[in-house]
Enquirer: 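Before anything else, here's the structure in question.
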Amino acid sequence: LGIVPVEIARPRIAALTSGVRTVEDAHRLLQEANVIVALPNTLEACDPEAREALISGCTDLMVDEAHHVSAATWASVRDRFSDKRVVQFTATPFRRDSQRIDGRIIFNFKLGDAQAAGYYKPINLVTVEEYGEQERRDRVVAEAALAALRRDRGKLGLDHLLMARTRTKERAVELLAIYSALAPEFKPVLVYSGPGRTLANRAALAQLLDRGPDGARIVICVDMLGEGFDLPNLKVAALHDTH
């Protein structure tokens, strides 16, 4: 866009993947880098004196995903910059616990603006009314979602995938059984975070990304595949538990 001149000197950027152990290391880092990128937990893992030296040497704090800043770990970092310039960025400024993100709003790009600019496309919302037992409700939602997936993939010839979202691991296992029984040809897979899940999640996502005959066309997740996950083929969402 020409906002940054091509001849400008680019900043030297350091990304912290572990805590800084000594004050000398902190000073060396400050001398070598113009921008330091770190997670709050990484800063908390620093030696206290090294952390103070690092923060004292920084002039500005840029907080991404600032809706998390009310959490203790995030707030402890932000509070150390109370007498310096702090800029906070978030796409979700309203928290479910109603805690306020403090500060003065200097730029606000509203959802209506994004819709008017064409960043969001219309969503085809299908509501399902079923008041029976949980298993019956899940089955009816799954059947409606599978009807949409089969229409997209069959009649329309679109390479679409289905994501079924639920709130707990136990519910996800139950949904896997339902989708496997209703649509075994789509080879449903399951992803959720937790101990021992790294390899299983990696294998499931690899199967989801496989466009061949052995690829999965349905993924069941628990609070995953949200922010930061980019797979345009995920076009059908079955919300078994709302969020």
Enquirer: Is the side chain of Arg10 donor-acceptor paired with the backbone N or O of Ile8 at a distance under 3.5 Å, no angle test?
Expert: yes

Enquirer: For Lys121, give me all partners under side-chain contact (heavy atoms from CB on, under 4.5 Å), at least two apart in sequence or on another chain.
Expert: none

Enquirer: Only counting residues at least two apart or in another chain, list the ones meeting ring-ring contact (aromatic ring centres under 6.0 Å, His included) with His160.
Expert: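 So His160 forms no ring-ring contact (aromatic ring centres under 6.0 Å, His included) with any residue.
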
Enquirer: Treating Arg165 as the side-chain partner and Val222 as the backbone partner, does any N or O pair qualify as donor plus acceptor under 3.5 Å?
Expert: no

Enquirer: Before we go on, tell me: are the rings of Tyr179 and His240 under 6.0 Å apart, centre to centre?
Expert: yes

Enquirer: Salt-bridge test for Asp214 and Lys187: reply yes if a basic N is under 4.0 Å from a carboxylate O, no otherwise.
Expert: no

Enquirer: Answer yes or no: are there more than 12 heavy-atom neighbours, outside Phe89 itself, under 6.0 Å from its atom CZ?
Expert: yes

Enquirer: Could you tell me whether Asp210 and Arg217 make a salt bridge, using a distance below 4.0 angstrom between a side-chain N and a carboxylate O?
Expert: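 Judged by the 4.0 Å cut-off on N to carboxylate O distance, Asp210 and Arg217 do not form a salt bridge.
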
Enquirer: Hey, does the side chain of Arg137 reach the backbone of Gly132 with a donor-acceptor pair shorter than 3.5 angstrom?
Expert: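 Judged by distance alone, yes, a pair lies under 3.5 Å.
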
Enquirer: With a cut-off of 6.0 Å (strictly less than), are more than 12 heavy atoms of other residues, nucleotides or ligands near NZ of Lys84?
Expert: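 More than 12 heavy atoms, drawn from other residues, nucleotides or ligands, come within 6.0 Å of this atom.
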
Enquirer: Work out which heavy atom in Ala183 is nearest to a heavy atom in Ile218; give both atom names and the distance.
Expert: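 Minimum heavy-atom contact is CB-CD1, 4.2 Å.
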
Enquirer: Tell me whether Arg197 forms a cation-pi arrangement with Tyr192, defined as NZ or CZ under 6.0 Å from the six-membered ring centre and within 45 degrees of its axis.
Expert: yes

Enquirer: Partners of Arg80 by salt bridge (Lys or Arg N to Asp or Glu O under 4.0 Å), sequence neighbours excluded?
Expert: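 Glu44, Glu52.
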
Enquirer: If I compare all heavy atoms of Thr22 with all of Ala50, which pair ends up nearest, and what's the gap?
Expert: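 Scanning both residues, the minimum pair turns out to be O-CB, 3.4 Å.
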
